[in-house]
Each structure stands twice: as structure tokens, then as C-alpha cells.
Q: 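Starting off with a structure, shown below.
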Amino acid sequence: MLNIALPKGRLGNKVYEIFEKIGYECPEINEKSRKLIFENEKTGVRYFWVKPSDVAIYVEHGAADIGVAGKDILLEYTPDVYELLDLGIGKCRMAVAGKKDTRDKIGKTLTVATKFPNIARDYYSSIGRAIDIIELHGSIELAPILGMSDVIVDIVETGTTLRENNLEVKTEIVDISARFIANKSSFKFKTAEIEALTEKIAEYLKREGK
Amino acid sequence: MKKDYSDIFFGTGEKAILDMRSLYESYGYKKYKMRKFEEYDLYLENKSFLAGESIITFTDLNGKLLALKPDVTLSIAKNAKLKGHDAQKLYYTENVYRESRAGNEYKEIMQVGLEYIGKIDLCVLCEVISLAAKSLHTISANYVMDISHLGFASGLLDETELKQSAKTEVLKMLSQKDAHSIAALCERENVKAELSEKLIALPSVYGNFKETLRKAEKLVVNDKMREALSELYGIYGVLKNEKPAKNLRLDFSITNDLSYYNGIIFQGFVDGVPCDILSGGRYDNLMQKLGTPAEAIGFAVYIDLLERYFKDSAETDVDVLLTYSDKDDTAAVLKEADKIRKSGKSVRVQKSGDTKIKYGEKITFEGGAENA
């Protein structure tokens, strides 16, 4: 039996669709209920939905053998897991954004508002810039508008929110997409099962041209 | 019949520690006892060798900065005194003080380990690897030991013109079996196609020792890689007929800090524990850094993980709960308890009343029980 942690929300639904198409379906999952765990003994899978930022934690602690998590989460929390595939979905960019028409004053410490303090710290230390971090949990875009921070480090998908609030991308840090991850120990003891699933996903991605 | 309490000890990892100790003693390894603290300088200079950054420090009466030991290998390596052809075979069971895996607090962690310092040949390699495998076996028969040779991946990286920082990045991706990121990095840094192909293939070179060795042969591009592979062939040749052979795997995705480690490295997993419970390898480079040019190999077992993931198997706290009241004759109560114990059951004697103890059977002492 493979325990699979899926991220709640749009990305998770897309991922489940892929799993369904390659033969790991679990019809129960589409029924409306308050159940947390969905199992299909025939296909040997047990799915559960968790908060997207928690997928990596479930996998690292072995509660899930495998899971799907955004690269942003993997970069931020650096869990000790295998990153087996790039699923090529949920694509976006991690970027520095700030108010339009403002210029970066290099001489001064930059205030950065972000949900991803580790990614922000790593990026700015790689370019040797002194920063102060303000950690927020949502509506990051507000920070520069209200003057709380100079810039933000956040995920940018289409850039609509930024544009509507008179903000713009200043620098792109890294490309983000959903990754197929596995617990290291599970990989040793369920090698054949995980390999089979990985191969099927890889074939599917190839077919779809992702 | 005496009750066997070993299952209860096992829950805390104590039985595994005892088994490992007698295993090491039977191979002629001697116990190494170290002080609780060392001079802070030792750890400061080798900070990246340690798993975590944080060390508990304090000043001694002369104003010297000391540290509660976060690691044992460094002390053993530093204090190694080698005379001529003599080698040191040591093992330890020590508490080390580290930042907890979750961070934010210090933890006392029980560690068992083994170190060999001296000339290393095939015999030594095989002995240490088989001891590591047998250590895992004391924990669970369902274990896997992954073996790799650092010379293999670093030999391949030597051929590329990547900067040191990029090489470190590749090694990290390798340890995550992250082939797609290696591919992206190779493209970004314009690595030659024939080399990048091999780098991308490396994470998927794992599995059964014999087959994987054959797969790995196709990746060899220089002497360093050839030597690494021939050392692995040598080990396989010796260990293939030994008992742990079926649990040994080759996996080139295991890596470690090249400034301390070189040569053979390995990691052990047992079913039910989500991360590696044993980790080890050859660390000539560390010896070099500490000013004792010597060869060395060793491993450590993280006993604290056992406590966390192997739940107490007993469903009850005690087999029999024997209750008495104030009126009862104490001597008779204790005698009765001993009588039950002789039948092989554990007995807890307690005054009658509410209790949270989980017991298999409850016996209320009655004055005339021995007549019954």
C-alpha cells in the first residue's frame, strides 16, 4: 500500500487526475464526504489531502511514502526527501517585486516582506545584500503599498495582482513547479511500487509533452 | 519460567545497544569513554562536519571556552595516537548534545558508533561494513544498507569545468535523486553533452549490488572512477556470500561533505523509521585536517530514533495487579505476589482503590488466598 499526500486545492486536483489516468484511481475521493483518508485496495493506494505547505512534512516524517509539493515549499523547508520528477504543472516564478518606478537604493538595508524567509535570505546573501525580513502569511502585496517593506519575495503566476496594485517584478529568482517527492526510507522498502508509479507518471508526462 | 523483559527494554533502544556492544566486543573493538565536554575550538574549526550548527558552550574556571560534546567522532579522531602499524578499533555509546531535528531546542541524543583508525585495506572495509549491517540487524531484520563510493561521483565531476559551488549543488541534487535539476544545471552551465548525460544518469544507478556495478561501469570516464568501482567490486566479491549480502545495495545518490569524507560511504535504513538510522564512511580527509595523517572509517547509529518510531509493544503495564487492604497481613500479601511471579507473570502490588494502571488480570488479596 502506498500512502500518498496530495496538496489541497487546484494543484492537488490536477495531480489526482494524472494519478487516475495512469491507473491509480480511487473513486471514493470524488464523493462528497468529511473523510480524511481515501483508500483503494485494488490499486494499492491510500490518498489524503493536506495543506500544500505540509505535504513535504508528511513525506519527510514517513506518514506519506510519496507526495506532490511545489518547488517553493521544497526550497523553503529543505526537507530530506527524494525529488523524483518535475511534474511540469503549477508553474510559476519566485520573484522580487516592488512598487513601479521605484529604484533600489543599494546603500541601504533592504526591507523584504515574504512568506518564504529562507528563500529570501538565501537569495540576498548570494548577491551579498543586507536585508531585514518581515515574515507574513498572506496578502504580501500590501506590505510595499503601505510602506511596510521596500520589496516582497513571493510567487508570481500571471502577475495580475501585481499589476492591479501598481507593483512590478524586479528580479526573478527561480522557476517553480510541482515536484513528485518520496520519503527516503519508504523508497528503500517499497522500491518496486514507487518505481512503477514514477515510471508511469514519467511516461504520461512525455505523452502530454510536459 | 522467567519472564523475558527484553521486549520492554527494546522499546527504549536499550536492548539494541546491548546487542551492538557485545557484537563490537566480540570483534575486539574497545569501548571509548569520553568526557562530557571538549574545548570549543575543536568543534568551531570543524563546524561543517557536525550535523547542526548549534553547540552548547560554557566557560570553565580558567575562562576557557568549553562545549558539551555534539559529536564523538571528532574527539576520537583528534585523540588518536598511532604507533607504527598499530590500528585503533574503538566503539562508543555516548550521549551527544545537539539541536533537535525540529529545531529551536537542544536535545540529549544517544549515539552508538564504531571507529577504525589505521591502515585501511579490503579486510578492514569489509569488517566495518559487515559490522554496520549487523548493527542494523540487531534493530530489525528488515533493513537496507546503501553503499557508495564518493570517488565515483567526484571523479565524474572532476571532468566537468563546473565551479566548486556548482559541484556542491550537483552533489546535493544527487542526494535527492533529483535528475531533472541536474539536467537544468548542466544546461545552464554548458556542460558537455556526453558528461551531462552521465551526471543525469547517476541518481538512477542504484539497487542490487551486482547489477548496479555493471550499470555503473558504463559511466566510467577516468581512473578515479575506475578505482572507486574496483574497490566496490572487491567489497562485493568478499561480502556476496555473507549473510547480510541480500540487504546490501549500491546507491550512488548517497553523498557527504567531500572536505571530510572520501572513499566508501554508507547509510542504513530500517523499515518503520523514515530517515537513515545509521550513517558512516571513510574520513581520511578529516584526519588530515586534525593534523594526524591517517586513514579512518567508522559509523554511528542514531538510537534516539528507535525510541520514537518503535512503539512499546506491550499492551499492558503489568500482567497482574494484586490489591490489598489495610486489614491484610503484609507478609502474606508479599508472599502471594512472589508466588504469582514464580509462574512467570509480572505483579504489581498496590493498595485497593482507583488506578490508571493497565493490567492483564486483577487479583484482590484475601486473607485466605493461600488456602484457595
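Naming convention: chains lettered A, B, ... in sequence-line order (proteins, then strands); numbering from 1 in each chain.
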Q: Could you tell me whether B:E161 atom CD has more than 12 heavy atoms of other residues or ligands within 6.0 Å of it?
A: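 For B:E161, atom CD is not crowded (no more than 12 foreign heavy atoms under 6.0 Å).
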
Q: Quick check on B:K210: does its NZ atom have over 12 non-hydrogen neighbours (other residues, nucleotides or ligands) under 6.0 Å away?
A: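 Open: at most 12 neighbouring heavy atoms sit under 6.0 Å from NZ of B:K210.
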
Q: Check whether A:K71 gets within reach of chain B through its side chain, its backbone, both or neither, counting any heavy atom under 4.5 Å.
A: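 Only the side chain of A:K71 comes within 4.5 Å of chain B.
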
Q: Are B:Q176 and A:L74 packed together at the side-chain level, in the sense that at least one heavy-atom pair is separated by less than 4.5 angstrom?
A: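 They are not in contact (no side-chain heavy atoms under 4.5 Å apart), so the answer is no.
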
Q: Kindly check if the number of other-residue, nucleotide or ligand heavy atoms within 6.0 Å of NZ (A:K42) is above 12?
A: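 No, the 6.0 Å shell around NZ holds no more than 12 heavy atoms from other groups.
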
Q: Taking atom CG of B:D276 and atom CG of A:D80, what is their separation to the nearest 0.5 Å?
A: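 Going from the CG atom of B:D276 to the CG atom of A:D80 covers 6.5 Å.
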
Q: Taking side chain as everything from C-beta outward and backbone as N, CA, C, O, which of these in B:S253 sits under 4.5 Å from a heavy atom of chain A? Side chain, backbone, both or neither.
A: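 Contact with chain A involves the side chain of B:S253 alone.
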
Q: A:D86 side chain to B:H180 main-chain N or O, any donor-acceptor pair under 3.5 Å?
A: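 No, the answer is negative, given that no donor and acceptor are paired below the 3.5 Å cut-off.
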
Q: Assess whether atom NZ of B:K243 is packed by more than 12 heavy atoms of other residues, nucleotides or ligands within 6.0 Å.
A: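 Counting other residues, nucleotides and ligands, NZ of B:K243 stays at 12 neighbours or fewer.
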
Q: In terms of heavy-atom contacts, does NZ of B:K215 have more than 12 from other residues, nucleotides or ligands at under 6.0 Å?
A: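 Yes, enclosed.
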
Q: Tell me if the centroids of the rings in B:Y143 and A:F189 come within less than 6.0 Å of each other.
A: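 Ring centres of A:F189 and B:Y143 not closer than 6.0 Å.
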
Q: Would you mind checking which part of B:S165 comes under 4.5 Å of any heavy atom in chain A, side chain (CB onward), backbone (N, CA, C, O), both or neither?
A: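 For B:S165, no heavy atom lies under 4.5 Å from chain A.
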
Q: Are more than 12 heavy atoms, taken from residues, nucleotides or ligands other than A:R10, located less than 6.0 Å from that residue's CZ atom?
A: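 No, the 6.0 Å shell around CZ holds no more than 12 heavy atoms from other groups.
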
Q: Could you grab the distance from atom NZ of B:K177 to atom NZ of A:K184, nearest 0.5 Å is fine?
A: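 Reported to 0.5 Å precision, the distance equals 8.5 Å.
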
Q: Rounded to the nearest 0.5 Å, how far does SG of B:C275 lie from CD of A:E60?
A: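 Between atom CD of A:E60 and atom SG of B:C275 there are 8.0 Å.
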
Q: Looking at NZ of A:K188 and OH of B:Y206, how far apart are the two atoms once the value is rounded to the nearest 0.5 Å?
A: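 A:K188 NZ to B:Y206 OH: 8.5 Å, rounded to 0.5 Å.
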
Q: Say you draw a straight line from OG of A:S185 to CG of B:D271; how long is it, rounded to the nearest 0.5 Å?
A: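 So the OG of A:S185 and the CG of B:D271 are separated by 6.5 Å.
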
Q: Looking at A:V81, A:D65, A:L85, A:I181, which has the largest count of heavy-atom pairs under 4.5 Å with chain B?
A: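 The option with the most such pairs is A:L85.
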
Q: Heavy-atom cut-off 4.5 Å, strictly under: side chain, backbone, both or neither for B:D146 against chain A?
A: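 For B:D146, the contact with chain A is made by the side chain alone.
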
Q: Heavy-atom pairs under 4.5 Å with chain A - which of B:S175, B:A179, B:A184, B:P203 has more of them than the others?
A: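 With the most close heavy-atom pairs to chain A, the winner is B:S175.
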
Q: For atom OH of A:Y123, is the number of surrounding heavy atoms from other residues, nucleotides or ligands below 6.0 Å larger than 12?
A: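 Yes, OH of A:Y123 has more than 12 neighbouring heavy atoms, counting only those of other groups under 6.0 Å.
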
